[in-house]
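Remarks on the structure that follows.
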Amino acid sequence: MRWTTITALLWALSASQGQARPAPDPNVAAEIEIKTLTTGSLTVQKVAEPTASIIVEATINSKLDRDGRPTSMPFPSQPAPSDPVKLQGPAPTESVTLETPSGGADAAGGNGTVNAVDAAAPAPAPAAEPAVVVAAVAEDVFTPQDVAPFSNTSTPISNGSAPVDTGAVVDLFAPIATTAPMAMFPQRGDHLVRKNIDDLGPTSTNKFYTNMMLYNGTGPVWTNPYVVKYQNGNTLSKTVGLSVSHTNADQRVFGPDASAETVRYYVVPSNLEDIVMSADQLQLADDGTFHGAFTVFQTSETFAKAVIVADTTAAIRDTAARVEFPLCQGMGFVTALYNEFTPTLRSGASFLSISATAPGKTGLTKFKITLNDGKTWLLYATRTAPGTYGAPADGELSLSIVNQNLIAADGVFHGMLQLARLQADDDGTAEALYDAAAGAYCNGNDLGATVTGDSAEYTFNFRNDGIQSEQLLMFAFPHHVDSIASPTSTALKMQSPIKGMMTAYVGNVWTLREQIQSDIGLGPWRTDGAAVTYSPEVLDKIRAAAAVDVAGDFDADSDLDSMYYSGKALTRQAQICWVARTVLNDDNLAGTCLDKLKQSFSRFSSNTQKAPLAYDTVWGGLVSSAGYADPGADFGNTNYNDHHFHFGYHVFAGAVLATLDPTWAADPANVEYVNTLLRDFANPAAAGADPYFPRFRSFDWFAGHSWAKGIFESADGKDQESTSEDYFASYAMRMWGLATANPALTARASLMLALQRRTIPRYFLLSADNDVHPPNFIANMVTGILFEGKVDYATYFGTQPEFIHGIQMLPLSPVSNYVRPSEFAQAEYEKFFSGGGDAVETVGWRGLIKAQRAIWDPTAAWGEISGEFDTAELDGGASLTWYLTWVAGLGGA
């Protein structure tokens with residue numbers, strides 16, 4: 001066990017009112033409420049004479065947590081005791097020791113002496129957590145997270161590093177708000193893209209099923225491991241129905257040179273028609289078109305239900321003769337619910353044989369279908385009583401081959417047909433699992449989550465419809481397998497299109513566990529647990545850069561017609577202000593910076609920017625007004641592209657403002673503006689709870705990351721190229737939650753970050769041992785653009801290596817080294833940028849490539865950016881001030 005001894009200044013805050021306690025009377029006992037001390041002891045040595053501030057000079061003996069960070073610096077890293085621990089002393093001149101509750105684990109660590117400083121009388125602060133703020137300056141080094149941050153009212157507040165106690169969070173998915181969007185956002189109902197959905201409420205735009213809601217609905221949908229697609233009669237088979245396909249790894253298409261040692265892309269065909277589930281009533285008219293209707297009439301963040309009807313004389317919801325398709329991510333069967341239709345099956349590969357057996361369940365008939373391409377499919381037909389799909393009825397379904405492309409039933413059918421692919425090498429194990437689960441189908445997925453301390457748990461509660469006595473068979477991605485606590489896995493595996501082998505689980509509820517990192521704040525965060533320190537020489541260099549950066553034209557930098565580029569500029573400015581106050585402790589420089597930042601931010605929080613936002617009543621969301629004339633404006637923002645990227649930058653800037661200046665956060669309009677951005681791209685409210693925004697527009701809880709593509713139809717599905725801006729958006733959410741004392745938001749964002757930390761290195765950042773992507777692709781080391789059905793080593797704006805790799809790096813932030821493995825980052829740099837940052841072709845990307853070396857070699861990174869650095873090498877969202885602070889903070893100097 002090693003201990004660290006520090007001398008610190010404590011501002012004791014009232015836990016109940018968030019205000020500073022009165023100054024102590026030197027003639028009475030000292031009393032300090034300490035709500036957040038964890039392991040260790042505190043010995044009071046002296047209480048100062050009464051002044052306008054409370055000054056206690058103390059020695060704190062603190063155990064170090066298992067990562068080597070002092071658990072009391074900053075206070076705390078564990079949930080606070082339920083009852084504040086009170087320090088009582090007989091007289092200010094006498095010594096008294098407080099033993100705090102045991103909490104941390106023994107670990108090695110360092111020590112240092114910290115000197116107390118004076119402070120003015122604090123003004124009331126908003127709902128402060130934690131109850132103790134520590135100000136400290138060490139000999140020869142500076143520890144930024146221990147400085148009481150600046151505010152215009154001199155109120156000591158959290159700098160954003162100290163975690164909020166999430167142990168008491170009850171509802172992680174409580175609505176952020178349910179009120180109408182602010183009046184400054186004009187409501188518009190003239191969106192250029194209409195939705196093919198029988199639903200007038202807010203609709204998810206970046207989900208796996210979105211293709212079905214666009215135009216005629218014929219875009220493919222990746223449920224994984226299957227791909228399904230509405231066929232409207234315009235394909236070679238001239239069939240109306242839902243096609244179902246599954247591809248093996250050997251069906252991938254590589255290019256542009258398939259024989260190359262390392263290919264640029266690979267594609268999984270999405271236009272296959274292994275089997276089309278149709279009905280005799282779904283016929284083309286004499287003019288060769290389908291006069292019935294297809295629509296999506298039920299959606300959630302993880303589920304959709306589509307329907308096809310032949311008769312359009314009545315509303316679709318009121319039409320009895322129909323076939324419905326419930327679509328869940330990971331579903332083990334593709335299910336079709338028939339009512340008053342005669343089932344037919346067609347195939348683009350042609351049928352070789354069909355055989356029938358009776359597995360012994362009431363109303364259930366099992367068919368084994370062999371296709372001409374060698375694939376075998378299992379089809380389960382469960383006849384049910386009219387008006388329900390949960391009560392099996394007597395009577396088997398008879399199917400027969402009419403010709404090589406058509407299988408037909410012998411009459412009208414009420415019940416379900418379920419398809420599952422049977423692998424050629426199955427020894428009977430998989431078939432037995434399918435037999436047991438047949439008759440039950442997934443009809444939704446209700447999310448659940450809890451966070452207690454640093455432990456998180458989330459659940460998929462799959463809605464089991466059909467034969468209730470059966471448990472659902474569902475497929476899991478590799479990252480699920482790595483973290484699932486229950487149920488247990490089966491031996492059944494299926495190839496997914498682009499995310500490796502999926503594993504089958506039988507059970508209606510999945511429980512998955514993650515560890516969150518609750519000590520990441522606004523400043524540099526070290527994976528080795530060492531303190532973040534700065535020498536006087538380094539501080540001088542940072543101060544010189546900050547003086548130049550603060551003198552810049554904040555308005556011109558951010559007064560743009562793009563939410564994306566303006567957001568990057570605001571983030572850049574916010575980081576500079578944080579450094580000026582918290583690292584440099586320069587009130588004058590920080591005050592100037594904050595005034596300029598608030599002015600820049602106010603243009604957007606008042607919606608008076610060059611391209612104001614509007615509230616779209618068609619899909620339900622905030623969109624750039626520029627896209628009503630040009631859908632491609634601002635990277636497709638009006639069509640819901642990249643909202644987590646664009647708005648995430650703005651949320652981060654708001655988090656810094658709220659952290660450094662509580663008077664800004666006390667203005668309800670400022671808080672409502674940022675919360676409205678969050679409601680647009682990360683609304684946690686269950687369907688119907690928030691009538692204005694869909695749930696989790698961007699983040700996909702099943703995939704474990706976000707999708708950037710909005711309502712643009714795509715033959716390759718949803719996609720994302722900038723994983724770093726994805727996790728930065730979650731980080732921004734976390735910091736906003738901390739700044740506004742919202743523990744549910746903080747915990748939810750921390751869990752999302754933990755998921756991204758698990759999935760992004762698995763699917764996007766490709767180490768040599770990657771087992772998800774093909775061996776002839778992983779040498780690219782990053783995916784480039786990862787689609788649902790394609791992976792393309794490229795970007796939407798160019799193919800230079802600095803673009804393809806850099807877009808997975810920016811912006812550099814305290815979570816960059818949390819998500820990006822150091823071994824991977826080093827190998828990537830040595831392969832693609834071995835000539836150093838100066839050898840990078842595009843000047844504006846050089847600074848990023850240089851600075852990110854700090855993840856594994858901060859000393860080398862410092863050498864690249866601390867000398868004669870040309871600021872033209874900086875991305876628009878970066879500053880020399882922040883790069884110097886971040887690199888040095890990771891140990892570069």
Side-chain angles (χ1 to χ4, degrees), residues 173 175-178 180-181 185 187-223 230 293-307 315-317 324-329 443-447 613-624 627-628 631 636-644 647 676-703 706-714 717-718 788:
F173 298 130
I176 296 171
T178 59
F185 301 119
Q187 296 197 7
R188 299 189 61 162
D190 58 338
H191 200 283
L192 298 177
V193 180
R194 313 308 289 181
K195 58 184 180 183
N196 175 36
I197 179 170
D198 186 23
D199 184 351
L200 299 180
T203 305
S204 294
T205 52
N206 297 47
K207 298 306 179 187
F208 73 100
Y209 51 76
T210 305
N211 269 341
M212 279 187 173
M213 300 189 299
L214 302 176
Y215 309 107
N216 61 12
T218 57
V221 168
W222 285 260
T223 63
Y230 167 56
F294 168 84
T295 189
V296 177
F297 72 95
Q298 185 179 340
T299 65
S300 71
E301 71 280 6
T302 58
F303 170 78
K305 183 178 283 186
V307 60
I316 291 178
R317 289 180 181 270
E324 298 177 3
F325 303 96
L327 305 174
C328 281
Q329 292 168 292
N443 200 32
N445 178 4
D446 298 318
L447 294 172
L613 299 178
Y615 176 74
D616 165 33
T617 61
V618 176
W619 294 89
L622 289 183
V623 296
S624 170
Y628 284 91
N637 179 290
T638 309
N639 281 16
Y640 295 98
N641 277 5
D642 302 350
H643 276 207
H644 56 313
F647 297 163
T676 305
L677 297 182
L678 283 171
R679 288 170 70 189
D680 175 84
F681 76 87
N683 178 25
D690 184 344
Y692 297 98
F693 296 93
R695 194 180 197 194
F696 293 112
R697 181 186 309 284
S698 302
F699 193 76
D700 183 331
W701 282 89
F702 196 82
S706 300
W707 296 109
K709 187 184 292 295
I711 48 176
F712 289 93
E713 190 175 31
S714 172
K718 296 302 172 189
E788 291 177 287

Considering non-hydrogen atoms only, spot the tightest contact between R194 and G189 and give its length.
NH1-O, 3.3 Å
Do the side chain of R695 and the main chain of P684 share a donor and acceptor less than 3.5 angstrom apart?
yes
With side-chain contact (heavy atoms from CB on, under 4.5 Å) as the test, would you mind laying out the steps for N443 and F303 before giving the verdict?
CA-CA 8 Å; N443 200 32; F303 170 78; 3.3 Å; yes
Looking at E324, is its backbone amide N or carbonyl O close enough to the side chain of K305 to form a donor-acceptor pair, meaning the two atoms are under 3.5 Å apart?
no
Using modelled atom types only, decide if a donor and an acceptor are shared between the side chain of N211 and the backbone of E713 within a distance under 3.5 Å.
no
Residues N206, W707; criterion side-chain hydrogen bond (donor to acceptor under 3.5 Å, both in side chains); working and verdict:
CA-CA 6 Å; N206 297 47; W707 296 109; over 6 Å; no
Please test K718 against D700 for side-chain contact (heavy atoms from CB on, under 4.5 Å), starting from the C-alpha separation and ending with a verdict.
CA-CA 11 Å; K718 296 302 172 189; D700 183 331; over 6 Å; no
Counting distance only, does the side-chain N/O of W619 pair as donor-acceptor with the main-chain N or O of V193 below 3.5 Å?
yes
Nearest 0.5 Å, please: how far is CG in L613 from CZ in R188?
12.0 Å
Decide yes or no on side-chain contact (heavy atoms from CB on, under 4.5 Å) for F702 and E301, but give the supporting numbers first.
CA-CA 10 Å; F702 196 82; E301 71 280 6; over 6 Å; no
For residues S300 and S204, report the shortest heavy-atom separation together with the two atoms involved.
O-OG, 4.3 Å
Look up atom OH in Y615 and atom OG1 in T676, then write down how far apart they are to the nearest 0.5 Å.
11.0 Å
Hey, what do you get for CG (D642) to NZ (K709), rounding to the nearest 0.5 Å?
9.5 Å
When T203, D616, T210, D680 are each screened for side-chain hydrogen bond (donor to acceptor under 3.5 Å, both in side chains) with Y640, the one that passes is D616
In terms of relative ring orientation, are W701 and F699 parallel, tilted or perpendicular, with 30° and 60° separating the classes?
perpendicular
L214 and I711: side-chain contact (heavy atoms from CB on, under 4.5 Å), yes or no, with the steps?
CA-CA 7 Å; L214 302 176; I711 48 176; 3.8 Å; yes
So which atom in P202 and which in P694 form the shortest heavy-atom distance, rounded to 0.1 Å?
CB-N, 3.6 Å
Report yes or no: does H191 contribute a side-chain atom to a donor-acceptor pair with the main-chain N or O of T617 at less than 3.5 Å?
no
For the residue pair A685 and D690, what are the closest heavy atoms and their distance?
CB-CB, 3.8 Å
Should the pair F294 and Y230 be assigned to parallel (<30°), tilted (30 to 60°) or perpendicular (>60°) ring geometry?
parallel
Between the CG atom in D190 and the CG atom in L192, the distance rounded to the nearest 0.5 Å is 7.0 Å
Check: N683 side chain, F693 main-chain N or O, donor-acceptor pair, under 3.5 Å
yes
Test the R679-Y692 pair against the cation-pi criterion, namely NZ or CZ under 6.0 angstrom from the six-membered ring centroid and within 45° of the ring axis.
no
Between the main-chain N or O of T302 and the side-chain N or O of N445, is there a donor-acceptor pair closer than 3.5 Å?
no
Are the side chain of N639 and the backbone N or O of G710 linked by a donor-acceptor pair below 3.5 Å?
no
Would you check if the side chain of T638 reaches a backbone N or O of S624 as a donor-acceptor pair within less than 3.5 Å?
yes
About how many Å separate OG1 of T299 and OH of Y209, when rounded to the nearest 0.5 Å?
4.0 Å
Spatial distance of atom CD (E788) from atom OG (S714) [nearest 0.5 Å]
8.0 Å
With a 4.5 Å heavy-atom cut-off, do M212 and N196 have their side chains touching?
no
